[in-house]
Amino acid sequence: MIWQGLRLLLALGLVALVGAGIARPEQGKRWYALGAYGFGVSFALGIAAVAGYMLILSAFGLSLSFWKIVLVAAVPVVSLALLAVRRSRVLPHVPSEPASGSFVSTDLVRPAIAIGLLALTTAFVFIGCFVEPISEEDPVAAWSFHAKLFFHNHTAFPAYLTSGASGPYASYSPPFLPLVQTWGHFAMGAYNDLAIKLVFCFIYVAILSVMFTALRRYVSKTYSLAVMLLVAAAPALVIPFPSGSVASGYADVPLSLFLAATACLLVFWASGEGLKPLVLASVLASSAMWTKREGMAFSIVATLLVWALALWPAGKRRTSNLRGQVIFTGVQAASMILLAMYKGRFPGTFAGEPVQFAKLLSGESVVRFVKLCALFVMEGLNPTRWGLLWIVAVLAIILRARQLRNPALVVPLWLIGGQVLVSVLFMTVSGYPVAQHAYLDMRRVLVTVAPIAGILIGLLSATEDRAASPRRGADA
């Protein structure tokens, strides 16, 4: 068990290197810090790439194995290593000096407290993950079951699923999470439904890293850590149950990583950092739809945002180059087509969740919509499940409303509002009772956008000038 855990740990580290090789650190950035976008974004890109490699190998009829995947994944890692060697020869070594606001300062108390509390929440999540194997209904039936088939059949298209023997449920869930779990089982050399939960622990740490990457360019390290703690300690995220938390094994937390990383890169793009963040964001947004159905809605919301920012008066100067919008939209469209082709390999459609679109504009649906909105507000403001996260977010929006003219601040607000609105509309036309959505679904929706709320809080705390452009000399 311990040896398998160590092998999985090394495999997940390799994933981060793959992502760093794809992102390619910018000139002058420290490659060993995984480039300009930090560990979190690199890890998100890496797991998306590894899952994509596995799909491509399977589509060409090649059996999956650990070393086949490593050989393909080695390309961006070698690229990163060559880049590091070249820069070590070109860039002179300059002794670093303590900078204003860094941890090497006379005031170590506040950052030390924040780091200590973050370490405690992380330890709590790790312990909670390994209390028991993945055991809830959806994680077992929708993801772990598929991962077991992928692992034992060495393909993402096992005959048991493509033949229809498993019933229509096989075409319901996107394959990203089962593929990542399969990669973990290959790395361990055996199917282990307890040790595989280390993947979710890594994703939790990656989410926190994404938040730090997004905030550190605009606010101090101490404040960045404080905002991270606001999200990291949210009971709905860290307590093993109810469903949706890190330890539960649901796809909500992996989806949250893709949403947060996309938001982080779109903030950089809206702040005038060029086309590269937008291209990487397009990859992460498209990966969200391969993680969970809600990712499809996020992809559409993010695409609308990218086009809207081109028309935003304050953002035209930075985002009006239509090449980026076309690339982003093309990547989302291509990903949707490929996902449809993938699901087309599995017979049948999932018909277990009744939807009544015809009643969307009826009087009954309007009442249901209002009731759902009220319950969403009550859920978000419940401190027993969210601590102070959403309360602080609402207060920050009200008190700093004037700053929302800044396109960089529009990004997280739009993504949160759009994702929640689409979710409420879907619940409105759903055939399930309102009580069921209030008991489970609302909490899981808020889990997916909670890190984006943390990014919004941090950006709203910056002055208007600092929110418009990165802090001088700040590290990512």
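Throughout, residue positions are numbered sequentially from 1 according to the sequence presented.
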Audit row: S299, Q332, side chain to side chain donor-acceptor pair (under 3.5 Å) steps and yes/no: CA-CA 7 Å; S299 173; Q332 306 316 301; 2.7 Å; yes
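Annotation: the span from F151 atom CZ to I196 atom CD1 amounts to 9.5 Å, rounded to 0.5 Å. Atom CG of residue L409 and atom CZ of residue R402 lie 13.5 Å apart, to the nearest 0.5 angstrom. For the atom pair H437 NE2 and M427 CE, the distance stands at 6.0 Å (nearest 0.5 Å).
Judged purely by atom type and a 3.5 angstrom limit, S282 has no side-chain atom pairing as donor or acceptor with the backbone of F328. The closest donor-acceptor contact from the side chain of R400 to the backbone of L459 lies at 3.5 Å or more, if one exists at all. For the pair K197 (side chain) and G128 (backbone), a donor-acceptor distance under 3.5 Å is absent. A donor-acceptor contact shorter than 3.5 Å links the side chain of Q419 to the backbone of E294. Between the S42 side chain and the G38 main chain, a donor and an acceptor come within less than 3.5 Å of each other. Within the 3.5 Å criterion, the main-chain N or O of I239 finds a donor-acceptor partner in the side chain of S245. Using modelled atom types, no side-chain atom of R385 and backbone atom of A236 make a donor-acceptor pair closer than 3.5 Å. At least one donor-acceptor pair closer than 3.5 Å links the side chain of T213 to the backbone N or O of S209.
Using a 4.5 Å heavy-atom threshold, the side chains of V253 and L237 count as touching. The shortest side-chain heavy-atom distance between L230 and W386 does not fall under the 4.5 Å cut-off. Residues I207 and S256 form a side-chain contact, since some pair of their non-hydrogen atoms from C-beta on lies under 4.5 Å apart. Using a 4.5 Å cut-off on side-chain heavy atoms (C-beta onward), I47 and W183 make no contact. A heavy-atom distance below 4.5 Å is found between the side chains of T428 and V424. Looking only at side-chain heavy atoms (C-beta outward), L278 and L265 stay at 4.5 Å or farther from each other. V140 has its side chain within reach of I134: a pair of non-hydrogen atoms, C-beta onward, lies under 4.5 Å apart.
Within 6.0 Å of CD1 on I391 lie more than 12 heavy atoms contributed by other residues, nucleotides or ligands.
Aromatic ring orientation, F157 versus F346: parallel (interplanar angle below 30°, classes split at 30° and 60°). Ring orientation note: the planes of F130 and F126 are tilted relative to one another, at an angle of 30° to 60°. Note: Y37 and F268 have parallel aromatic rings, judged against thresholds of 30 and 60 degrees for the angle between ring planes.
Here the shortest heavy-atom pairing between P235 and P383 reads CG-O, 4.4 Å. The shortest heavy-atom contact between L259 and T448 is CD2-O, 3.6 Å. The two residues A23 and L45 have their closest heavy-atom pair at CB-CD1, 3.9 Å. Considering all non-hydrogen atoms of both residues, L389 and A450 come closest at CD2-CB, 3.7 Å. Across all non-hydrogen atoms, the minimal contact from I397 to L460 is N-CD1, 3.8 Å. Of all non-hydrogen atoms in L194 and P133, the two that sit nearest each other are CD1-N, 3.7 Å.
For F176 and F258, the ring centers are positioned less than 6.0 Å apart.
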